[in-house]
Amino acid sequence: MKSVAIVGASLAGLSAARALRKQGYAGRLLIIGEEAHRPYDRPPLSKEFLAGSIGEEALSLEAEDEDLGAEWLLGTRATALDGPSRTLGLDDGSTLGADGIVLATGASARELPGARRLPGVHLLRTLDDARALRRDLRGGGRLVVVGGGFVGAEVASTARGLGLDVTLVQSGPAPLAGVLGTAMGRAVSLLHADHGVRMLCGTGVRGLTGTDRVSGVVLADGRTVPADIVVLGIGSRPCTDWLDGSSVALGDGVVCTASGATSVPGVVAVGDCASWYDPLLGTGRRVEHWSGARDRAPAAVTTLLSGGTAGGELPRPPYFWSDQYGVRIQFTGYTGPADSVAIEEGAVDDRSFLAVYRQAGRPVGALGVNRTRSFMRWRRQLAGARVGQQPAVL
């Protein structure tokens, strides 16, 4: 293999480039990124960077002396892929061929139709998004966060720390219920109540009000919540539209084996755009977390360089963390298969506890709230339980 093109210049793409060099690949390496920025860390965008406690230089994912010997095509968007010939079409009209291709285009934030036309309405996915939101938050006022996932919950926490009046609107029964389950989502959401965030759960959003600037959020039940700033955190969608007609199989993302291989030889996928087969679940799943983007890249690169004959070790179970109101929230494993969840250390009332999710008595997930040491023990245990599982064939 003499040339590899990585499409996506964020953490997943950078991790794939590092893995290629570490595994001995010495050929031509191209990294194509739609944003003009070098790779940067996204988790701080909703926390320290948004609060103004760190600057942009602290976001860099590259060491000062790091040199991957890569050609960087930043501010360049891939618009098409011919899978059989592994030829990329770029937004400047040019084409680029490679012996191997890594798809790492990530995901984009979902929007309410027409909402972004109003000043004061924000998404938070990129550095440019964070810059704009940070400027708006400096003016204070009333913030409405639509969506109770991790981005929405972290923005609410940061904004309260800056002194804003915050309302969080969530269509589900509680913030984070989609990822932690209803019971633990409600337990963790008490942090918002502790800090004066108004929560409106079980209701959707019909639209926004305002002419020159957003002035309110209209709920599905007809109520209007006044707002000077609105942040939309209503989920994401994989950036895979450009792959239509490429011969790469698509579902909720790029359909992959448990080692990152796609339906096209010489093409692998990693990061938020990739739906890797999970032997425990028996289906594909996108893992939209920092650790997944970093940890799965080496396996995908092994698959690519071996021509699909080797896939390396299976990645650990999904892991993510969130910092809200000075509290560290950590989760590993799965909630979907679980038929029970129980608190095994600490107490919800103390905002410090560890909960274990089980399926037919077997642990499948663990949640730690300000319980880092005991949580890490459970993380290692759940990772060890996967030893011996084999990647599936696509």
Side-chain angles (χ1 to χ4, degrees), residues 42-54 109-172 174-178 185-186 188-236 322-327 329:
R42 294 182 189 270
L45 296 182
S46 56
K47 301 185 284 291
E48 298 95 336
F49 180 79
L50 194 60
S53 58
I54 64 171
R110 294 186 182 276
E111 301 190 35
L112 288 175
R116 290 261 276 174
R117 290 196 297 265
L118 275 175
V121 179
H122 298 267
L123 301 174
L124 184 54
R125 191 79 188 182
T126 68
L127 175 57
D128 292 335
D129 292 339
R131 286 169 171 170
L133 178 56
R134 187 164 75 165
R135 286 194 298 269
D136 248 5
L137 293 182
R138 286 173 180 163
R142 301 164 297 183
L143 169 68
V144 176
V145 178
V146 181
F150 279 102
V151 170
E154 289 171 357
V155 169
S157 170
T158 300
R160 279 301 295 152
L162 294 172
L164 279 79
D165 176 275
V166 179
T167 301
L168 194 154
V169 179
Q170 164 69 17
S171 60
L176 303 182
R186 285 176 172 153
V188 172
S189 73
L190 295 174
L191 290 168
H192 295 296
D194 291 344
H195 291 83
V197 172
R198 180 187 182 199
M199 289 184 291
L200 301 176
C201 299
T203 182
V205 170
R206 183 183 300 172
L208 305 177
T209 61
T211 51
D212 298 328
R213 184 178 177 85
V214 69
S215 62
V217 176
V218 182
L219 305 181
D221 60 14
R223 290 177 292 168
T224 297
V225 182
D228 304 301
I229 308 167
V230 172
V231 174
L232 302 176
I234 53 177
S236 66
S322 179
D323 295 314
Q324 299 173 29
Y325 308 104
V327 173
I329 302 164

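Note that CD1 of Ile229 is 12.0 Å distant from CZ of Arg135, once rounded to the nearest 0.5 Å. Atom-to-atom distance recorded for Leu118:CG and Asp212:CG is 9.0 Å, nearest 0.5 angstrom. One finds the CG atom of Leu123 at 4.5 Å from the CD atom of Glu111 (value rounded to the nearest 0.5 Å). Atom CG of Leu133 sits about 12.5 Å away from atom CG of Asp128, to the nearest 0.5 Å. The distance from atom OG of Ser171 to atom CG of Leu200, rounded to the nearest 0.5 Å, is 12.0 Å. Here the CG-CZ distance, from Asp129 to Arg42, works out to 9.0 Å after rounding to the nearest 0.5 Å.
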Review item, side-chain donor-acceptor pairs of residues 140-154, under 3.5 Å, at least two apart:
residue : atom : partner : partner atom : Å
Arg142  : NE   : Asp228  : OD2          : 3.1
Arg142  : NH2  : Asp228  : OD1          : 3.1
Glu154  : OE1  : Ser46   : OG           : 2.6
Glu154  : OE1  : Lys47   : NZ           : 3.3
Glu154  : OE2  : Ser322  : OG           : 2.6

Could you walk me through whether Arg198 and Val225 pass the side chain to side chain contact (heavy atoms under 4.5 Å, CB included) check? CA-CA 11 Å; Arg198 180 187 182 199; Val225 182; 4.2 Å; yes

Apply the test side chain to side chain contact (heavy atoms under 4.5 Å, CB included) to residues Leu127 and Leu45: give CA-CA distance (whole Å), side-chain angles for both, the deciding distance (0.1 Å), then the verdict. CA-CA 7 Å; Leu127 175 57; Leu45 296 182; 4.2 Å; yes

Passes side chain to side chain contact (heavy atoms under 4.5 Å, CB included), Met199 versus Thr167? Steps please. CA-CA 6 Å; Met199 289 184 291; Thr167 301; over 6 Å; no

Where do Ile234 and Val205 land on the side chain to side chain contact (heavy atoms under 4.5 Å, CB included) test, with the steps shown first? CA-CA 10 Å; Ile234 53 177; Val205 170; over 6 Å; no

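Between Tyr325 and His192, the ring-plane angle classifies as perpendicular under the 30° and 60° cut-offs.
By the salt bridge (charged side-chain N to carboxylate O under 4.0 Å, His left out) test, Arg213 pairs with Asp136, sequence neighbours left out.
More than 12 heavy-atom neighbours from other residues, nucleotides or ligands sit within 6.0 angstrom of CG on Asp221.
Judged purely by atom type and a 3.5 angstrom limit, Arg125 has no side-chain atom pairing as donor or acceptor with the backbone of Ala109. Not a single donor-acceptor pair under 3.5 Å links the side chain of Thr158 to the backbone N or O of Val155. Arg134 places a side-chain N or O within 3.5 Å of a backbone atom of Phe49 that can act as its donor or acceptor partner.
Closest approach of Gly172 to Cys201, counting heavy atoms only: O-CB, 3.5 Å. For the residue pair Leu168 and Ala156, the shortest heavy atom distance occurs at CD1-CB, 4.1 Å. The two residues Arg186 and Ala174 have their closest heavy-atom pair at CG-CB, 3.5 Å. When all heavy atoms of Ala220 and Thr203 are compared, the closest pair comes out as N-OG1, 3.8 Å.
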